[in-house]
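The figures here come from the full heavy-atom set of this structure, side chains too, leaving out hydrogens, waters and symmetry mates. On a predicted model such as this, the values are computed, not experimentally measured, just so you know.
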Amino acid sequence: MDKQTEFVLRTIEERDIRFVRLWFTDVLGTLKSVAIAPAELEGAFEEGLGFDGSAIQGFARVHEADMLAMPDASTFQVLPWRGEVNAVARIFCDINMPDGTAAFADPRYVLKRALSKAADMGFTFYTHPEIEFFLFKEQPEDGQSPIPVDRVGYFDHSPRGIGHDFRRSAITMLEAMGISVEFSHHEGAPGQQEIDLRYADALTTADNIMTFRTVIKEVALEHGVFASFMPKPFTEHAGSGMHTHMSLFEGDRNAFHEPGAPYQLSKVGRSFVAGILEHAPEITAVLNQWENSYKRLAGGGEAPAYVCWGHNNRSALVRVPMYKPGKGNSTRIEIRSLDSACNPYLAFAVLLAAGLKGIESGYELPPGAEDDVWSLTDAERAALGMRQLPQSLDQAIAVMERSELVAETLGEQMFDFFLRNKRAEWDEYRKQVTSYELAKHLPVL
């Protein structure tokens, strides 16, 4: 038994923790949870906890249903919203097959596999997400428009506004679970909030994002409101993104930093950006996996819809932030298309794979975009060589289907399931008669 496992078992006994929740996600990023008694945890560490994988989205077919949830002791945390009496803890799990091999349908394993490839190239992948979401007065009835908790905007300070108390409670709870927060503020749309997590390695960040979503929803319930990570709940307001800063390190050295280079961005950094740009259309279905995601990308403003990069250009798909003198380790790039409803394990895996492909193949970075991309005409964007990102889930699936990079990164089983699931979602979506159609056409046709 390793020291980390011993620490977990000792802590559970000392703090009189009554239940331990084992967490993992399905292919779509939905959190799964099973509670076990503390007395069973040592056995789970050694042998895993068996479950029916065929009942989980995309995990297994019926004839190969038996799977094992293997707790990762390094992810142990007490759930602060459950209180000190009869306390509850959580541990993230890796999913194995009965013979002890990793399950190819486990999103956490997909990311671990991508990180292992980066490690073989000498790199550690770090990410820092800026997570946006909405607070509504209550969960609306099916098909009803939600009501935001306020009517203030970007960085607004609203006396006695619920957002202040909410963000303070959420941050306190996140930090109690060892998740460090860098910034928080009101975003541009009514009821919209943003909380930015500190830099961490990509696997830790993905685990933190899954925890973050749960914490936000729990704190919202405590405050008598409803939280949603839906990418675009309002036609007239901006949607919720998850702008993510990324960098590669070689040991303690930032591989993206090169003194004297344009924007202090090294050849490794430039090739990484070029890889993301080259493969952006084919990874979009993973970064923006819901039909509603494309309403955000079509909304203009700071939601990118075209493949380009820019220095401090917030309309570009990839932004290279301003270099701060003497802070080479902070050199990074920012991808701006992700929304906060993606599966973070798969999203980070395909982003890393695209960037590493750019490094391996020596992709050259095209000229950056200096203008507001949304203000350009189609002809001007075409002259600058800007391709359009997929404009719907249907288009994104069609591009992804032809991608060797995504197939290799996700693995055959997950790749096939993801495509089947998203095709079914699109087929269901395109058959719907919307309130827009009824309002526009019913009275006059």
**Item:** Pairing residues for Phe7 by the side chain to side chain contact (heavy atoms under 4.5 Å, CB included) criterion, not counting sequence neighbours
**Value:** Gln4, Arg10, Thr11
**Asked** Cut-off 3.5 Å, side chains only: do Ser240 and Glu132 have a donor facing an acceptor?
**Response** no
**Message:** Treating Gln289 as the side-chain partner and Leu28 as the backbone partner, does any N or O pair qualify as donor plus acceptor under 3.5 Å?
**Reply:** yes
**Message:** Strictly distance-based, threshold 3.5 Å: is any side-chain N or O of Glu222 a donor or acceptor partner for the main-chain N or O of Val219?
**Reply:** no
**Prompt:** For Phe92 and Phe76, what are the C-alpha separation, side-chain angles and deciding distance, and is it a ring pair (Phe, Tyr, Trp, His ring centres under 6.0 Å)?
**Reply:** CA-CA 7 Å; Phe92 279 101; Phe76 171 83; over 10 Å; no
**Asked** Is a side-chain donor or acceptor of Lys217 paired with a backbone partner of Ala227 at a separation under 3.5 angstrom?
**Response** yes
**Message:** Taking the side chain as everything from C-beta on, heavy atoms only, tell me whether Thr75 gets closer than 4.5 Å to Arg90.
**Reply:** yes
**Item:** By side chain to side chain contact (heavy atoms under 4.5 Å, CB included) - contacts of Ala349 (at least two apart)
**Value:** Val110, Leu111, Ala114, Thr409
**Between Thr204 and Asp201: side-chain donor-acceptor atoms closer than 3.5 Å** = yes
**Asked** To the nearest 0.5 Å, what is the distance between NE2 (His186) and CD (Gln193)?
**Response** 4.5 Å
**Prompt:** Are Asp196 and Ile131 side-chain neighbours, meaning at least one heavy-atom pair lies under 4.5 Å?
**Reply:** no
**Minimum heavy-atom distance between Val286 and Ala347, given as atom pair plus value** = CG1-N, 3.8 Å
**Request:** For Phe272, enumerate each residue passing the ring-ring contact (aromatic ring centres under 6.0 Å, His included) test, keeping only those at least two apart in sequence or located in another chain.
**Result:** Phe256
**Message:** Just to verify, what does Tyr345 make a ring-ring contact (aromatic ring centres under 6.0 Å, His included) with, not counting sequence neighbours?
**Reply:** none
**Flag, side chain of Asn292 to backbone of Pro233, donor-acceptor distance under 3.5 Å** = no
**Request:** Output yes when a side-chain donor or acceptor of Asp106 lies under 3.5 Å from a complementary backbone atom of Ile95, and no otherwise.
**Result:** yes
**Asked** Would you say Phe104 has more than 12 foreign heavy atoms packed within less than 6.0 Å of its CZ?
**Response** no
**Item:** Side chain Thr214, main chain Met210, donor-acceptor under 3.5 Å
**Value:** yes
**Request:** Flag the pair Leu174 / Met177 as yes when at least one side-chain heavy-atom distance between them is below 4.5 Å, and no otherwise.
**Result:** no
**Message:** Going by the rule salt bridge (Lys or Arg N to Asp or Glu O under 4.0 Å), which residues pair with Arg108 if we only count those two or more places apart in sequence or in a different chain?
**Reply:** Asp72, Asp94, Asp207
**Request:** Just grab all the salt bridge (Lys or Arg N to Asp or Glu O under 4.0 Å) pairs involving residues 329-340, residues at least two apart or on different chains.
**Result:** Glu302-Arg336, Arg319-Glu334, Glu334-Arg336
**Complete:** Output for pair (Glu258 CD, Ser266 OG), nearest 0.5 Å, gives 6.0 Å
**Item:** Main-chain N/O of Ala200 paired to Thr205 side chain as donor or acceptor, under 3.5 Å
**Value:** yes
**Request:** Starting at CD of Glu194, measure out to CD of Glu187 and round the result to the nearest 0.5 Å.
**Result:** 5.0 Å
**Prompt:** So do Ile209 and Pro129 actually touch side chain to side chain, heavy atoms under 4.5 Å?
**Reply:** yes
**Asked** Taking everything shown except Phe19 itself, do over 12 heavy atoms lie less than 6.0 Å from its CZ?
**Response** no
**Request:** Assess whether side-chain hydrogen bond (donor to acceptor under 3.5 Å, both in side chains) is satisfied between Ser169 and His223, documenting all intermediate values.
**Result:** CA-CA 9 Å; Ser169 297; His223 283 255; 3.1 Å; yes
**Message:** Taking the side chain as everything from C-beta on, heavy atoms only, tell me whether Ser247 gets closer than 4.5 Å to Phe125.
**Reply:** no
**Request:** Tell me, please, which residues at least two apart from Glu360 pass side chain to side chain contact (heavy atoms under 4.5 Å, CB included).
**Result:** Lys117, Met121, Lys357
**Item:** Distance in Å, Arg167 CZ paired with Leu135 CG, rounded so as to fall on 0.5 Å steps
**Value:** 8.5 Å
**Item:** Asp427, CG: over 12 other non-hydrogen atoms inside 6.0 angstrom
**Value:** yes
**Message:** Just checking Arg113: does its CZ atom have more than 12 heavy atoms from other residues, nucleotides or ligands closer to it than 6.0 angstrom?
**Reply:** yes
**Prompt:** Between Leu389, Leu297, Ile283, which is the residue that forms a side-chain contact (heavy atoms from CB on, under 4.5 Å) with Asn288?
**Reply:** Leu297
**Prompt:** In Å, rounded to the nearest 0.5 Å, how long is the span from CG of Leu351 to CG of Leu287?
**Reply:** 5.0 Å
**Prompt:** Donor-acceptor pair, Ser271 side chain versus Lys267 backbone, under 3.5 Å?
**Reply:** yes
**Prompt:** Hey, does Tyr263 have a side-chain heavy atom less than 4.5 Å from the side chain of Pro321?
**Reply:** no
**Prompt:** So, is the end of the Lys422 side chain (NZ or CZ) under 6.0 Å from the ring centre of Trp290 and within 45° of the ring's axis?
**Reply:** yes
**Message:** With ring pair (Phe, Tyr, Trp, His ring centres under 6.0 Å) as the criterion, how do Phe24 and Phe51 come out once you've worked through the C-alpha distance, each side chain's angles and the decisive distance to 0.1 Å?
**Reply:** CA-CA 12 Å; Phe24 60 96; Phe51 69 96; 5.1 Å; yes
**Message:** Once ring-ring contact (aromatic ring centres under 6.0 Å, His included) is applied, do any residues pair with Tyr363, and if so which ones, sequence neighbours excluded?
**Reply:** His279
**Item:** Phe415 ring center near Phe417 ring center (under 6.0 Å)
**Value:** no
**Pairwise side-chain contact, Ile36 with Arg21, heavy-atom cut-off 4.5 Å (strictly under)** = no
**Request:** State whether the number of non-hydrogen atoms from other residues, nucleotides or ligands found under 6.0 Å of Glu141 atom CD is greater than 12.
**Result:** no
**Item:** Tyr429: partners by ring-ring contact (aromatic ring centres under 6.0 Å, His included), with sequence neighbours left out
**Value:** Trp426
**Complete:** Rounded to the nearest 0.5 Å, the CG atom of Asp66 sits from the CG atom of Asp99 at a distance of 11.5 Å
**Asked** How about Lys32 and Asp26: do any of their side-chain heavy atoms sit closer than 4.5 Å?
**Response** yes
**Fill in**
So side-chain hydrogen bond (donor to acceptor under 3.5 Å, both in side chains) across residues 173-184, not counting sequence neighbours, yields His128-Glu182
**Asked** Can you check whether Glu428's main-chain N or O pairs, donor with acceptor, with Gln432's side chain at less than 3.5 Å?
**Response** yes
**Message:** Check this for me, if you would: do Lys3 and Glu6 make a salt bridge, where the nitrogen-to-carboxylate-oxygen distance has to be below 4.0 angstrom?
**Reply:** no
**Prompt:** By side-chain hydrogen bond (donor to acceptor under 3.5 Å, both in side chains), which residues pair with His237, not counting sequence neighbours?
**Reply:** none
**Item:** Pair Arg423-Ile397, side-chain contact (heavy atoms from CB on, under 4.5 Å): steps then yes or no
**Value:** CA-CA 7 Å; Arg423 281 196 204 98; Ile397 295 165; 4.0 Å; yes
**Prompt:** Donor-acceptor pair, Ser33 side chain versus Trp23 backbone, under 3.5 Å?
**Reply:** no
**Prompt:** Taking only residues two or more places apart in sequence or in another chain, which ones pass side chain to side chain contact (heavy atoms under 4.5 Å, CB included) with Glu250?
**Reply:** Phe123, Arg253, Ala255
